[in-house]
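Below: the structure, in C-alpha cells.
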Amino acid sequence: MPYYIAVGSLLVECNHFGGIPTDLESFQRTQYLMGEDLLALKDGTLGGYFEVLCKPDAGFEIVPTLAATACPGGLVTDQAYEHIKKTILAAISAARQDGKLDAVLLALHGSAASESHCDLEGDLLAAVRSLVGQATPVVATLDLHAHITQDMVEHADVLIAWETYPHRDARETGMRGAQAIQDILSGALTPAMAMGVAPVLVGAINGTTDGTGPFAATMQMAKRMETGINVYSTSAFLVHPYLDAPEMGGGGLVVTNGDQNLADRLAGEIAEFYWAQRFDLEPELFGIDQAIELGLTNQGPVVLVETADCCGGGAAGDSVQLLPSLIELGKDTPSVIPVVDREAAAQCHAAGVGAKLQLQIGHRHDPKWGVPMLVDAEVLNLTDGCFIYEGGIWDGCEGNMGPAAVVKVAGVHVCLASFPTYEWCGEQYPSLGIDVSQMKFIIAKNPMNYRMAFQDCSQCFMVLDTRGPTPATCKNLPYTQKVRPAFPWDVEVKNPVRIMS
Ligand SMILES: [Zn+2]
C-alpha cells in the first residue's frame, strides 16, 4: 500500500498598506492548477516535492489539491481565499473519506493575508488540522519572508523555509519538505518545533543571504546548527514587514527530533543573534534629487532603487514620483522607469506605434501615494506583455504584464504595463525592446534583485527614500496593530526574544 500525500500550494505575499487587491483572476493569470495539470509541474516547490515523492519505488501516491500562485499584491479578497481554501479542503476531505490520506504537504508563502484574516496561512493550517486530526502529519514549506504565527507553529508538524534571498531554492526547499514527510511516515522523525521571534521590522535592502551581510550571517548561524545532534532543520526569517499584524518579527525556527527544549533554546539563540544585527539591516537612503544630481556626476549607468513601489512586495508598481525630477534634472539623459497603468497602456495600444499623445500616467491603481502626471508621450513600442523568467523561483515560467507599451517622455523611457509582475532579473526589459545598458538612470522597483539584474551594466546603486507601501525603511508606515516595541522605533527592548512552540 502506498502512502497517500495531499499536495497543494497557496503562494502569495500580501501588503496591508497598498497594492491592488488579489482576486481569483490574479491567481488564474499566474498559476491555478488542479488534477493532472498540478501533477505535471516539474519546477518550483511542487516540482521539488514530486522529485522526492514520485521516485520509482518511493511508495507514495500524490493526491493533488490545488496549486494557486499570484504575484504579490494587496490583500487576497475574501471571495478568492474562501474559494481556494474550500477547494484545498474538499480535495483533502475526499481523499480522507476514501481512506487515501496519510499526510498533507503544502507550499505556502507565510506572509499572505486576506480581507478577514491577517494570518492567512495560520487560518489555512488550522482548518487543515481540524479536518485531518492530530495523527496525520502536516508539513508546510515557506518563504523566508514569512510572518510566523502561533497558529502556524501549532497546526503544522514541520515548517521549512527557503534558505536563499534572492530566492533560488524553491525546488530544493520542496525536496526538504517532502523528505520531512517521508521521515515522519517512516518513523525516523518525531518533530518538535519552536520559533524564536525578535521584533525587527526592516525592508529587504540589506537582507541578502549571499556574502557576509547581517542576514547572511544569521542564515549561516542557523544553518550551522543543523549539524547538531537531534537537530532536523533550521530556518531563518526576515519578516515581510509590510503586513500590519500584531507581534511581527524575524528570527529562527528549529525542528528537532523529539527534543522540545533543544528546539526552544536554539530558536531563541537564532532570534537573539538576529536582534543583534538590527542596526546593520537598516539601509542608507538618498533623496530623489540628491540621487539624480550625484548620479549625473557618475560615469556610466546609475540604478535608482525605488523600493517603495515594489510589485514583488505587493505594491501596485504605479508610482511616477521620480518622473518630474528625471525630466527636470536629468534633462534629456536617457532613463527607464517601469509604471503599471492599465488605462495608459490601453490608450497607447489604441493610438499605435509612432503616435504622439498626451497621457495621464501613474498612481492610478493605488492612488494613496501620489498624483497622476500629465505628459506628452511618443509611443515607441507595443507588446502583449509576455516574457519568460530566466532563473529564480519562477525559472522558465511565463510572466504576463498584460498589454504593454514603451513611451518616450522627454529623455525617459516609460514602460507601461497593465498588471504588476514580479521582477527577477529584468526580463521585462528585453521583451519591451529596451537595452538598459544604454540608459543613464535605471529605475529599479525592488529591494534586492536589481543587483543581479543590473550588475553587468552598472556599479552605482542608490536606494531612495520615497513614499509607498514597500518603503526602504518601515519608520513611517502607518501600522495600526500592536507592532511595538520593535526596531527601528525602539532600539533597545528588554527581553526582545519571544518563543513560540
Ligand atoms: Zn521572499
Side-chain angles (χ1 to χ4, degrees), residues 11 13 44-45 48 72 107-111 141-148 159-177 195-198 200-227 231 233-242 248-255 266-267 269-284 305 307 310 312-313 389-395 422-425 444 446-455 461 463 470 472 474 487:
L11 279 165
E13 184 180 69
T45 310
L108 307 175
H109 182 285
S111 284
T141 51
L142 301 167
D143 189 311
L144 62 77
H145 296 121
H147 164 44
I148 305 295
L159 298 169
I160 288 178
W162 302 348
E163 298 173 340
T164 60
Y165 182 55
H167 300 309
R168 307 184 190 95
D169 62 332
R171 183 184 180 80
E172 289 75 9
T173 308
M175 293 174 71
R176 292 162 60 220
M195 172 73 194
V197 185
V200 177
L201 295 183
V202 290
I205 295 283
N206 292 334
T208 181
T209 54
D210 297 337
T212 56
F215 191 62
T218 309
M219 183 61 77
Q220 287 154 16
M221 186 253 193
K223 288 293 144 188
R224 278 196 297 272
M225 289 177 173
E226 276 187 348
T227 57
V231 181
S233 85
T234 59
S235 301
F237 293 92
L238 187 156
V239 67
H240 172 66
Y242 311 122
M248 292 197 295
L253 185 145
V254 175
V255 179
L266 296 182
E269 284 177 19
I270 300 169
E272 290 285 358
F273 184 88
Y274 180 67
W275 173 250
Q277 311 303 311
R278 62 195 180 284
F279 297 104
D280 293 334
L281 287 160
E282 273 287 275
E284 182 191 2
V305 181
T307 179
C310 171
Y389 285 105
E390 294 169 10
I393 47 176
W394 288 348
D395 188 20
Y422 176 76
E423 292 179 316
W424 172 249
C425 214
N446 67 75
M448 179 57 62
N449 296 352
Y450 67 86
R451 295 170 205 260
M452 291 183 303
F454 307 123
Q455 66 189 359
F461 303 95
V463 180
T470 51
C474 299
F487 183 83

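Positions are given from 1, in the same order as the sequence printed here.
Without hydrogens or angle criteria, R176 side chain to W162 main chain gives no donor-acceptor distance under 3.5 Å. For the pair S111 (side chain) and H145 (backbone), a donor-acceptor distance under 3.5 Å is present. The main-chain N or O of C310 is found under 3.5 Å from a side-chain atom of T470 such that the two form a donor-acceptor pair. The backbone N or O of F273 sits less than 3.5 Å from a side-chain atom of Q277, completing a donor-acceptor pair. Without hydrogens or angle criteria, N446 side chain to Y450 main chain gives a donor-acceptor distance under 3.5 Å. Side-chain N or O atoms of Y389 include one that pairs as donor or acceptor with a backbone N or O of Y422 at under 3.5 Å.
Looking at heavy atoms from C-beta onward, P214 lies out of side-chain contact with F279 at the 4.5 angstrom threshold. The shortest distance between side-chain heavy atoms of F487 and W275 falls below 4.5 Å. Counting heavy atoms from C-beta outward, P166 and D210 have side chains that approach closer than 4.5 Å.
The minimum heavy-atom distance between A271 and A198, with the atom names listed, is O-CB, 3.6 Å. A pairwise comparison of heavy atoms in T208 and M448 identifies N-CE, 3.3 Å as the closest pair. Between A146 and H109, the shortest heavy-atom distance links the atoms CB-O, 3.5 Å. Smallest separation of non-hydrogen atoms from K223 and T234: NZ-O, 2.6 Å. Nearest heavy-atom pair across P283 and N206 is CA-ND2, 3.6 Å. Closest of all the heavy-atom pairs between G249 and V197 is CA-CG1, 3.6 Å.
A distance of 10.0 Å separates CG in N449 from CZ in R451, rounded to the nearest 0.5 Å. If you take CG on L11 and CH2 on W394, they are separated by 8.5 Å, rounding to the nearest 0.5 Å. Taken to the nearest 0.5 Å, the CE atom of M219 stands 5.0 Å off from the CG atom of L144. Atoms NE2 and CD1, on H167 and I393 in that order, are 6.0 Å from each other to the nearest 0.5 Å. Note that CG of L142 and OG1 of T173 are 9.5 Å apart. Values are rounded to the nearest 0.5 Å. Going from atom CG of L253 over to atom OG of S233 covers 7.0 Å, rounded to the nearest 0.5 Å.
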Next on the checklist: Run E163 and E172 through side-chain contact (heavy atoms from CB on, under 4.5 Å) and show every step you take.
Outcome noted: CA-CA 9 Å; E163 298 173 340; E172 289 75 9; over 6 Å; no

Next on the checklist: Between M248 and Y242, does the side-chain contact (heavy atoms from CB on, under 4.5 Å) criterion hold? Intermediate values first, please.
Outcome noted: CA-CA 10 Å; M248 292 197 295; Y242 311 122; over 6 Å; no

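For an aromatic pair to be called close, the ring centres must be under 6.0 Å apart, and F215 with Y165 fails this.
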